[in-house]
Number of protein chains: 2
Amino acid sequence: MSLRHGLLGLLAEGPASGYDLTRRFEQVLGAVWPAGHPQIYGELSRLASDGLIEIDSEGPRGRKAYRITESGMTEIRRWLRDSSEVDHTTRLQSLLRSFFFWLMEPADLNDHLMREADFFAAAAGRYRAYADAADRAEATDTPQQRSQRIAIEGGARLYEALAAWARWAADRTELTGDRRRPL
Amino acid sequence: MSLRHGLLGLLAEGPASGYDLTRRFEQVLGAVWPAGHPQIYGELSRLASDGLIEIDSEGPRGRKAYRITESGMTEIRRWLRDSSEVDHTTRLQSLLRSFFFWLMEPADLNDHLMREADFFAAAAGRYRAYADAADRAEATDTPQQRSQRIAIEGGARLYEALAAWARWAADRTELTGDRRRPL
DNA sequence: ATTCCCATGTAAGCTGTTACATGATTCA
DNA sequence: TGAATCATGTAACAGCTTACATGGGAAT
């Protein structure tokens, strides 16, 4: 039920449409919790029929903005407090793959690890840039801003750790000069 | 298709039954790629009817051990090599939650972060202990062992990073003496 | 006019979880 | 003989992805 509560959490910041929420998932939350528009629109309908959100306004081309209700706020707060709702499931295909690296040819493995390192470093860089921007800004003292800062730090540290791991693994697997392939 | 290839990868090490594979997921892979027995038995049937694995032996109480076939080996190697199969999707509820920390009361948040730090530190400790054991052992030079060492390091670094993040966040959110709750 | 972006939705299929169901073997 | 563990499976449901489908509004 994470998507449900993710939507409630975003709507707790203020009214937004399915389209808005889709973009926020794409741009910010997507790196740690992806969600496409079909899932979002579907869940919004369910949230509305359960009375946790309601239509705030209707705009131009069929646009519908939703607003969180009192019971929606109660529900998101209950979810955040209830420790039995915390789910530590993680699915990192990159780590799963690493159990099977011994099946790869050294040159292919080296390529793969370089690509992985690049991908993770890029993700880390995006989060770290966000974090730096937040630190440079004044008036970072609303609870929202402080909490967002923590989230960003989490993303940065996660991807920094994975990037460092991929580089470490690439070093361990290093090939002798002539067999190393350029990217 | 990660589970499919996860099973192929494990079977590349040698024959195993659905029960064996379920336990390996539970004990080792489970922390980065969980899979329950209903999913595993179902996928094994499909792999067998696709000719990627075959029955190796039948044992006591209905036990069936599977063995990877030539085309199974080809398929797992293809999957490992093909960079378009790499999936960087990550779903970390802990990070998703952190975007909504501003909705929590400080005391509840502090409790939550302590629990998170404990959980991640425990997971990191298990992986780190494995890594140390591997480093102390002699004859760690088969490709399997080297590759397993990399996988373990990944798990350790991932959970160490998340533990450090949770502690950092708890420090930032720290309460003044009397409101801090003991665990 | 045409293209691009805004904006919403449905349908089919795949992946994953929970609950149910069964029976053999081992050990105390 | 009773409990624990081994061992396999099915059914129902929940969650998520991909492809399809539609149309309004803005800008060139």
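Every chain is numbered from 1, with letters handed out A, B, ... down the list of sequences. Computed from a prediction, not measured in an experiment: that's the story for all the values here.
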_Pick the closest DNA chain D nucleotide for A:Glu43 and for B:Ser45 by heavy atoms, then say which residue is nearer the 5' end._
B:Ser45
*Could you tell me how the ring of B:Tyr159 sits relative to the ring of B:Phe119: parallel (under 30°), tilted (30 to 60°) or perpendicular (over 60°)?*
perpendicular
_Sugar-phosphate only, base, or nothing, as touched by A:Arg91 at under 4.0 Å among non-hydrogen atoms_ = sugar-phosphate
_Check: B:Gln93/A:Ser2 side-chain N/O donor and acceptor closer than 3.5 Å_ = yes
*For DNA chain D, which nucleotides open and close the run of contacts to chain A, 5' to 3', at under 4.0 angstrom from a non-hydrogen atom?*
D:dG15 to D:dG25
*Check whether any side-chain N or O of B:Ser98 sits under 3.5 Å from a backbone N or O of A:Ile150 as a donor-acceptor pair, and report yes or no.*
no
*Tell me yes or no: between the side chains of A:Arg149 and A:Gln145, is some donor less than 3.5 Å from an acceptor?*
no
*Could you identify which residues cluster with A:Val86, counting Ile, Leu, Val, Met, Phe, Trp and Tyr as linked when any side-chain heavy atoms lie under 4.5 Å apart, either directly or through a chain of such contacts?*
none
_From CZ of B:Phe25 over to P of C:dT15, roughly how many Å is that when rounded to an integer?_
14 Å
*Can any side-chain N or O of B:Ser94 pair as donor or acceptor with the backbone N or O of B:Glu116 at less than 3.5 Å?*
no
*Would you say A:Arg91's side chain and B:Val32's backbone share a donor-acceptor pair under 3.5 angstrom?*
no
*side chain to side chain contact (heavy atoms under 4.5 Å, CB included) against B:Asp82, all qualifying residues, sequence neighbours excluded*: B:Arg78, B:Ser84, B:Glu85
*asked:* Can you pull out every salt bridge (charged side-chain N to carboxylate O under 4.0 Å, His left out) where at least one residue sits in residues 12-25 of chain B? Sequence neighbours excluded, please.
replied: B:Glu13-B:Arg24, B:Asp20-B:Arg23, B:Asp20-B:Arg63
*Calculate the interatomic distance between A:Arg23 atom CZ and C:dT8 atom P; express it in whole Å.*
10 Å
*Check B:Arg4 against B:Asp50 and note the closest heavy-atom contact, atom names and distance.*
NH2-OD2, 2.6 Å
*Pick base, sugar-phosphate or nothing for B:Ser17, based on heavy-atom distances below 4.0 Å to the nucleic acid.*
sugar-phosphate
_Ring-face cation of A:Arg97 near B:Trp79 (centre distance under 6.0 Å, axis angle within 45°)_ = yes
_What is the separation between atom CG on B:Leu44 and atom P on C:dG16, rounded to the nearest whole Å?_
14 Å
*May I have the distance from A:Asp20 (atom CG) to C:dC5 (atom P), rounded to whole angstrom?*
17 Å
*Listed in order of residue number, which residues of residues 29-42 of chain B have a non-hydrogen atom at under 4.0 Å from DNA chain C?*
B:Trp33, B:Pro38, B:Gln39
*Within residues 52-67 of chain A, find the residues that approach DNA chain C with a heavy atom at under 4.0 Å, and present them sorted by residue number.*
A:Arg61, A:Gly62, A:Arg63, A:Lys64
